[in-house]
Chemist: 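I have a structure I would like to understand better, so I am pasting it below and will then ask my questions one at a time.
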Amino acid sequence: MQSFFQEELGKLRKRIIKMFMLVNMQLEKSSQSILSQDFEDTDAVMQNENRIDKLDIKIDKLCQRIFALAQPVATDLRFIMSSLRIGNEIERIGDIALDILARAEFVRPYQEILTRYRVPELLGDVIRHNQRALEAYTNNNNELAAEIVCSCKSTAETCKNVFNEIIAEMAQKSQVIVIATDLILIVRDLERISNHLENVAESVVFIVEGKRIRHSANP
Amino acid sequence: MTDSKDSKVSVRDLSVFYGANKALNKISMEIPDKKVTAFIGPSGCGKSTFLRTLNRMNDLIGNVRIEGEVNIDGINIYQKNIDVVNLRKKVGMIFQKSNPFAKSIYDNITYGPKINGISQKRKLDEIVETSLKQAAIWDEVKDRLNTSALSLSGGQQQRICIARTLAVNPDIILMDEPASALDPISTAKIEELIHELKKYYTIIIVTHNMQQAARTSDTTAFFYLGELIEMDKTRAIFTNPAKKQTEDYISGRFG
């Protein structure tokens, strides 16, 4: 006889996983929108965005209900607290993916510049981090989560370097200012996605170990 | 919140007096069918008195006067020609302290069916097995049905009492603090059982333990000083109650 409480926890886990997968689609679509010349999938992206927003509210309500009605403790409590936090983080990633998509048409013609500033590589990195974060959450894998924290820090660092390189080029060549501005915003978006995924991975460590590693230098 | 057409029990302007003392003041409510309804409130608020009006247990106390109506399946149980024994068969009750008879487990369960005229052994065996299974205690006692029910632990005794109630095939089960004398594991078993039983029965539970009300019930009614202050879906009561008194009570500010 499976307890009702366990069913509620299972429901929460399923909803977070679904949200992760939708956000992953958003990231892949925004990557395609920048790197592929014939991207026409904007409707699907908007539909996904609506589904993510609805899931966000559902997760919020479900957590409120579990807190109020089931008084969770220990691992269950950490799992619910962290799932709520993870839901918020990945919902934000979905929003940022839309920002990237909105800027795609302005940078798409400049593939050579995008490659020079490692944008395809960074897009691939954040998609991979998101997929691995989903894996860590699904399997309660704290070791993988700790690796993701390091990888996300590294990606964020690369974004900062690229940002500075673009600024340096802008200072020298006024004709690149328009494309460079869009590029800077995209790189800054990728940095923020990395930061959010770092938080997600830290929350997975909290679920498994009960240890808060955020705001610390060494996870 | 529950339409009267969906309700199993419909209470209209029910007041209960102990002598000159008014214990309940004009309570009206609809209790939904095949759901768990919890009554919460501080000691002396009238919740147990109200529960006992639902199978006329208050008749057994002298000096009690009742006004208003309690309709079960549309029939007022306080009208003159009601057979109270039949009523209590239809509306079973579980008490705070488990009260198995000093008889074997088997005899505890078959006591009610036998009084109701069932004597065939095969039929009685079937009732024992079904009732104990429904009360989630069959696996623990199936090999010792002839031992005394009093030899079981408190949690097991309580489930035997639930099985004994189920054996007479009730529609409604009233529970007055059914787990307050039990340890956390036995309490969890009773709560899980309540969750299973609501598929087949309308369950009404009085509890001092608000967390228990939150965990087990679909609907919660908050009583205070003989008044029904608020009744709503449990998730609404515990996340966004409409009345300040309810909020103050469930958040531990009084009571």
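Letters A, B, ... are given to chains in the order of the sequence lines, protein chains preceding strands, and every chain is numbered from 1.
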Chemist: Are there more than 12 heavy atoms of other residues, nucleotides or ligands under 6.0 Å from atom NZ of K61(A)?
Modeler: no

Chemist: Count the heavy atoms belonging to other residues, nucleotides or ligands that lie under 6.0 Å from CZ of R235(B), then report whether that count exceeds 12.
Modeler: no

Chemist: Please check if the number of heavy atoms outside D43(A) that lie under 6.0 Å from its CG is greater than 12.
Modeler: no

Chemist: Do you know the tightest heavy-atom contact between A68(A) and A214(B)?
Modeler: O-CB, 3.9 Å

Chemist: Below 4.5 Å, heavy atoms only, C-beta onward: do Q71(A) and R215(B) meet side chain to side chain?
Modeler: yes

Chemist: For the OH atom on Y111(B), are there more than 12 heavy atoms of other groups (residues, nucleotides or ligands in this structure) within a distance under 6.0 Å?
Modeler: no

Chemist: Counting only heavy atoms closer than 4.5 Å, note whether T234(B) contacts chain A via side chain, backbone, both or neither.
Modeler: both

Chemist: Among the options Q211(B), M210(B), E191(B), pick out the one with the most heavy-atom pairs lying under 4.5 Å from chain A.
Modeler: Q211(B)

